There are 2 protein chains.
Amino acid sequence: MAKTGKSTATIHNVAEACGVSARTVSRVMNGQAHVRPALRERILETAQAMGYRPDPSARALKSGRKRIIGIVVNAVSSDTTFKRIEHISKLCSAWEHAVLVRFAENSEMEESTVESLMPWCDGMVIFSNLRTVRSPVLDSLTENGFPFMLVDPPHPVPYPAVRIDRARGYREAAEYLIGKGRKKPVLLVEHFRSGDRIRGFKKGLQSAGIPFSDDMIFSTGKEYAGGRNAAPELIRAIRKKKADAVICHNDKMVLGLMNAFIREGIHVPKDAALIGYDDDSFTPYTSPAITTIAQLGGNPADFIFEQIRDNIENGTAMKSKTLRTGLIIRESA
Amino acid sequence: MAKTGKSTATIHNVAEACGVSARTVSRVMNGQAHVRPALRERILETAQAMGYRPDPSARALKSGRKRIIGIVVNAVSSDTTFKRIEHISKLCSAWEHAVLVRFAENSEMEESTVESLMPWCDGMVIFSNLRTVRSPVLDSLTENGFPFMLVDPPHPVPYPAVRIDRARGYREAAEYLIGKGRKKPVLLVEHFRSGDRIRGFKKGLQSAGIPFSDDMIFSTGKEYAGGRNAAPELIRAIRKKKADAVICHNDKMVLGLMNAFIREGIHVPKDAALIGYDDDSFTPYTSPAITTIAQLGGNPADFIFEQIRDNIENGTAMKSKTLRTGLIIRESA
DNA sequence: TTGTATGCGTTATCAC
DNA sequence: GTGATAACGCATACAA
């Protein structure tokens, strides 16, 4: 019993102070019926005065409900992810649930992270980078009826998930560029997680009647540095008239690329149009402002929260959802 | 007893399966001595096979240690804050502690957020925007010996805290600009939390022998938009030769400002030097790359974690720390 | 080296 | 409308 210097009041202290039984205090604290209004009032005041707060551990032990939602985040922790966590967390607070966040060191660790977090919480949100289609751990959660939801998994998976249809946005972007008279749009992606982007890009070309060839796909490192480092190769392509527009993996990449272009005298959008992905908060403020593919159709955090809450409170089955993406047109394309 | 579809094994199930008492299983699970190696091995295997994990609630209830660290984040949740949370969270994971994150809606709510989170955890990290010097809630935590640490509070406070000496960096920035021959450096800040920036700026002017006047302080809204919106006024000042350098509240503000400058043909750094704050990840990748004031002297997350862990494990008294800031010179100044 | 018994603070069953 | 009592799963003082 490692004491925590606690002077915290218990339900019995409150009961005694009010001359009632613990059961009655419990009723009041949980807003249950069958307590005289006057008494309820008095107990509430006393509890307040004594600084009494029900012990979450005891409550969880007895009731089986921990009132905690777990969030597993993978190494790839972007601003977008954090914003979603913040949003979910606030919704949970209003629901009087706490939020436990744990970061998986890498995608291999994701499963063990889920497993270790599970006993702490009533439900989980997993920002997944799972490489496989099935997962023993997730299968076992499913069997036990433990509610969880994957967010933006890299592959189609047989679990409740919020998916993001990036292909659509990339297709739209390609079509838009061609519609604007571009002849040689190319795609600049990170090595990982780019399958849907490429697919959408190809479809866009196809529907616009431009033949796809492998040399339209460039790949690079992450974010700003990825953009900057890819610049020399792309500038070469632009000067050789082999490219007149670049659709990027994300907006950070655009920023890195665009500024490298500026240094070399490549004008955006005249010499090369640029399109990003994410609708990052800086995109309206650059010069030129960045045209970007954004996730549309509402905040996934709301959907995720509702699914998990409804499952926990009413046993509603978890539903999946696919969010579409679309183009936000600014100046860079 | 709202069941959570649990088929989870208890310590007794494991004990029974091994033909031993729960006491022995408990010893094994907690790595205590006095168990025959062979038996320990067998219990470990059985526990593993049965998927047994000690129930955190029961464990916490009995031992008084929840193995949870709480993190309170205020409305101002920047990337920097998130990176620190991630860092602390990972350290806690290695320490086999979970991390509970709760967002205060605003600084008025900060105290009640702290209060409501307290019963959940053994220690707390508070990214504080506290407006007052003393806080009844923090006083009561202190009295109870509950370990907590404030991160970057806006004012000096009588609690354990990691402070960031922004004044120093702003002073250094002002001196640097003047050393580079600038005659009219000005400061562009957000309305809130700018006292130390102004103080440092003034000191820098003073030590460089340039008289301070109130029209050297401009104030604006937050981040990118704040920078962009302040541009017209600053451009006027620059054209009237009333300004030839701007030190900003943060790097985002520089980005918004700089791009507005570019649109109006103001050259950076020729017409106006620009200095930001935060060493935001994009600063090396803009054109020109942004000179910025950065927090130096190690990651505060490490220090915070150590303080709290040492207090919880050994009762070590919490220490405070002040981190210095300094200039990172790139191209914009 | 191992086991027995007790209680942490709460909620739920059942009686009054 | 209210109260005695048991039980949740675990850790520990104490006994063997």
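Numbers restart at 1 for each chain; the letters A, B, ... are given by sequence-line order, proteins then strands. As the structure is a computational prediction, the values presented were derived from the model and not from experiment.
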Can you check the [X] [atom1] to [N] [atom2] distance for me, whole Å?
| X | N | atom1 | atom2 | result |
| --- | --- | --- | --- | --- |
| A:Y52 | C:dT11 | OH | C1' | 10 Å |
| A:N30 | C:dG9 | CG | P | 17 Å |
| B:H34 | D:dT12 | NE2 | P | 14 Å |
| B:Q32 | D:dA11 | CD | P | 8 Å |
| A:M29 | C:dA12 | CE | P | 14 Å |
| B:K66 | D:dA11 | NZ | P | 14 Å |
| A:D55 | C:dG7 | CG | P | 18 Å |
| A:I11 | D:dT2 | CD1 | C1' | 14 Å |

Under 4.0 Å from OP1 or OP2 of D:dG3: is there any side-chain N or O of A:T24 that close?
yes
Counting N and O atoms only, with roles assigned by atom type, does the side chain of [X] sit under 3.5 Å from a partner on the main chain of [Y], one being a donor and the other an acceptor?
| X | Y | answer |
| --- | --- | --- |
| A:T113 | A:M109 | yes |
| A:E110 | A:N129 | yes |
| A:N13 | A:T10 | yes |

With a 3.5 Å cut-off and heavy atoms only, can you find an N or O donor on one side and an acceptor on the other between the side chain of [X] and the base of [N]?
| X | N | answer |
| --- | --- | --- |
| A:R65 | C:dT11 | no |
| A:K62 | C:dA12 | no |
| B:R27 | C:dT2 | yes |

5' precedence on DNA chain D between B:A58 and A:H12 (nearest-nucleotide basis):
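Counting from the 5' end, the first nearest nucleotide belongs to A:H12.
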Could you pick out which residue, A:G19 or B:P56, lies toward the 5' side of DNA chain D when each is mapped onto its nearest nucleotide?
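Taking each residue's closest nucleotide, the earlier one in sequence belongs to A:G19.
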Quick one: label B:S26 by what it contacts on the DNA or RNA (base, sugar-phosphate, nothing), any heavy atom closer than 4.0 Å.
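Result for B:S26 = base.
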Any base atoms under 4.0 Å from B:R36, or only sugar-phosphate, or nothing? Heavy atoms, all strands.
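Sugar-phosphate contact only - B:R36 comes under 4.0 Å of backbone atoms but never of a base.
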How about A:R131 and A:S107: does a side-chain donor come under 3.5 Å of a side-chain acceptor?
yes
Distance-only donor-acceptor check, side chains A:H155 and A:R163, under 3.5 Å
no
For A:S57 and B:A33, find the nucleotide of DNA chain C closest to each by heavy atoms; which residue's nucleotide sits nearer the 5' end?
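Residue closer to the 5' terminus by nearest nucleotide: B:A33.
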Apply the side-chain contact (heavy atoms from CB on, under 4.5 Å) test between B:Y52 and each candidate in B:T8, B:I43, B:V14; give the one that qualifies.
B:V14
Please round to 10 degrees the angle between the axis of the first five pairs and the axis of the last five pairs in the helix from C:dT1-D:dA16 to C:dC16-D:dG1.
30°
Per A:S21 side chain, nearest of listed nucleotides D:dA4, D:dC10, D:dT12:
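Looking only at heavy atoms from C-beta outward on A:S21, the closest nucleotide is D:dA4.
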Parallel, tilted or perpendicular: rings of A:F305 and A:W95 (30°, 60°):
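Rings of A:W95 and A:F305: perpendicular, over 60°.
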With the threshold set at 4.0 Å, does a side-chain nitrogen-carboxylate oxygen contact exist between B:R67 and B:D122?
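No, no charged N to carboxylate O under 4.0 Å.
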